[in-house]
Amino acid sequence: MPFYNDLLFKYFISDNDDKESMYLLKTVIESVTPLRCQALYVMNSELIPSRYKEKKAILNVRVQTDEGEFVNIEVQSTGMFESLHKRFQYYVFKNIATQVHRGDDYRKIKPVYMIILFNDEDRRHHELVRKYSNCDEKQDDSGSLYFMYYVFLKEINRIIKEKGKENLNDIEEISYLIEKGNQCDRINMTKVGRIMKRKYDQFMEDMNLREEAWAYEKAEFDKQIHYADGLAKGLAEGLTEGETKKSKSQAIKFYQKKYPESDIQWLEDLTEYQYDQIFKKLIEDASLEEIKKIIGD
């Protein structure tokens, strides 16, 4: 069971009455963000059973610090970054908007922080943590109401190659643990790793939680397969469409050169083969009647 499974990860960090859960939660938040938390409270700590096929937001962790800031923590195993980024921005703005009502003092609004643990590489910048906020022209985000942090878990493989396992900082160590899961070779070397190991074993002993998490993993796997099949089909269709457009363009351009005053409406919506045959006949200087026989006219 991967540690970035939604249900398992929420089990790790959402029990307000468990000191180890709160230690893990505090460590994750303070390793990723500049927040220093004296107290934390998970606002949606319940684990909702038999709902793994519903929208993933039900499994996020929503936290409020003693200073009033809100922190949302999400785990994301797959998806297109651009689409995910828009979705998570929507969540952030929604959390900001729900803090005030008509007539309220807008100075009461507290910043919203979002941490997204994304099991992928940062294909653009190759950073472990990428931060987003709204800045002024001097890049000062001190007055920002939202801060988003993407942790690209698979970047840890690159980092380990560059600096070695013995030189990881806190967020790198946590990323390594989450990305490798129970098979991590350093899981017993840190307090965070030992807590995760104990809680993982407890989780796997609970048949209901274990089966729920496996069902969620299967649903995610099926979704990935469906996405991959659709992508492959789309690529194939795209390639075919691209070749047809190329053949169409060649045929029409050559046809207009030979018959500049002729109508080209009949050259719309043909197959790639038909366009190629028309082009061949044009090169051979065939008559217009012979060319139009290709499409049955």
Side-chain angles (χ1 to χ4, degrees), residues 4 6-7 9-77 79-118 127 129-152 171 174 216:
Y4 48 80
D6 273 12
L7 195 63
F9 190 78
K10 187 168 185 179
Y11 180 84
F12 282 162
I13 63 173
S14 64
D15 187 347
N16 286 306
D17 298 323
D18 184 271
K19 290 182 179 179
E20 290 189 336
S21 281
M22 292 299 99
Y23 177 83
L24 288 178
L25 177 60
K26 185 174 186 290
T27 303
V28 170
I29 291 174
E30 293 188 349
S31 297
V32 178
T33 77
L35 294 174
R36 292 298 172 263
C37 312
Q38 296 301 315
L40 296 167
Y41 179 75
V42 179
M43 302 171 71
N44 59 336
S45 60
E46 71 281 358
L47 294 175
I48 304 175
S50 303
R51 296 181 64 180
Y52 56 86
K53 290 184 180 179
E54 296 184 18
K55 195 166 183 177
K56 292 181 69 174
I58 64 168
L59 291 173
N60 69 0
V61 177
R62 190 163 190 240
V63 182
Q64 188 166 15
T65 72
D66 58 327
E67 296 295 325
E69 300 101 340
F70 294 98
V71 184
N72 265 43
I73 301 179
E74 296 259 0
V75 288
Q76 185 74 37
S77 57
M80 297 295 290
F81 177 78
E82 292 76 11
S83 176
L84 292 173
H85 186 48
K86 288 183 178 180
R87 174 157 66 92
F88 288 130
Q89 284 184 94
Y90 169 77
Y91 291 161
V92 168
F93 298 147
K94 188 175 181 181
N95 285 336
I96 293 172
T98 55
Q99 292 184 46
V100 291
H101 304 282
R102 180 179 295 181
D104 286 348
D105 186 346
Y106 284 87
R107 290 174 296 181
K108 295 180 180 179
I109 298 177
K110 294 292 185 179
V112 173
Y113 292 75
M114 176 164 276
I115 300 171
I116 302 103
L117 303 171
F118 189 20
E127 298 173 328
V129 181
R130 197 194 302 180
K131 174 187 172 185
Y132 290 86
S133 66
N134 57 316
C135 303
D136 64 16
E137 60 184 10
K138 296 181 179 179
Q139 299 299 305
D140 178 10
D141 62 5
S142 58
S144 178
L145 284 177
Y146 79 92
F147 301 88
M148 300 176 66
Y149 299 85
Y150 286 89
V151 182
F152 293 89
I171 184 56
I174 291 172
Y216 183 81

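The structure displayed is predicted, hence computed values, not measured ones.
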Can you pull out every salt bridge (Lys or Arg N to Asp or Glu O under 4.0 Å) where at least one residue sits in residues 29-43? Sequence neighbours excluded, please. Lys26-Glu30
Asp141 versus Lys131, closest heavy-atom pair with distance: OD2-NZ, 2.8 Å
Applying side-chain contact (heavy atoms from CB on, under 4.5 Å) to Asn72 and not counting sequence neighbours gives Asn60, Arg62, Asn95, Met114
Looking only at non-hydrogen atoms, find the nearest pair between Ser45 and Ser14 and report the distance. CB-O, 3.0 Å
So do Lys110 and Glu67 actually touch side chain to side chain, heavy atoms under 4.5 Å? no
Heavy-atom closest contact (Glu127 atom, Phe152 atom, distance): O-CD1, 3.7 Å
The reported gap from CG in Leu40 to CG in Asp66 (rounded to nearest 0.5 angstrom) is 7.5 Å
For Met148 and Val92, the nearest pair of non-hydrogen atoms, with its separation, is CG-CG2, 4.0 Å
Within a strict 4.5 Å, meaning less than it, do heavy atoms of the Ile116 and Leu84 side chains meet? no
Can a donor-acceptor pair be found, under 3.5 Å and without considering hydrogens, that links the side chain of Asn16 to the backbone of Val42? yes
Result for side-chain contact (heavy atoms from CB on, under 4.5 Å) between Val71 and one of Val112, Val32, Ile29 points to Ile29
Hey, could you give me the OH/CD distance between Tyr150 and Glu74, rounded to the nearest 0.5 Å? 9.5 Å
Which heavy atom of Leu24 sits nearest a heavy atom of Ile13, and at what distance? CB-CG2, 3.8 Å
Is there side-chain contact between Phe147 and Thr33, with heavy atoms separated by less than 4.5 Å? no
Asp15: side-chain contact (heavy atoms from CB on, under 4.5 Å) partners, not counting sequence neighbours: Asp17, Asp18, Ser21
Are Gln99 and Asp104 packed together at the side-chain level, in the sense that at least one heavy-atom pair is separated by less than 4.5 angstrom? no
Between atom CG of Leu25 and atom CD of Glu20, what is the distance when rounded to the nearest 0.5 Å? 13.5 Å
Less than 4.5 Å apart, any side-chain heavy atom of Tyr132 and any of Gln89? no
Heavy-atom closest pair (Val75 atom, Tyr4 atom, distance to 0.1 Å) is CG2-O, 3.5 Å
Taking side-chain contact (heavy atoms from CB on, under 4.5 Å) as the criterion, tell me which of Tyr149, Phe70, Tyr146 meets it with Tyr113. Tyr149
Taking the side chain as everything from C-beta on, heavy atoms only, tell me whether Arg130 gets closer than 4.5 Å to Phe81. yes
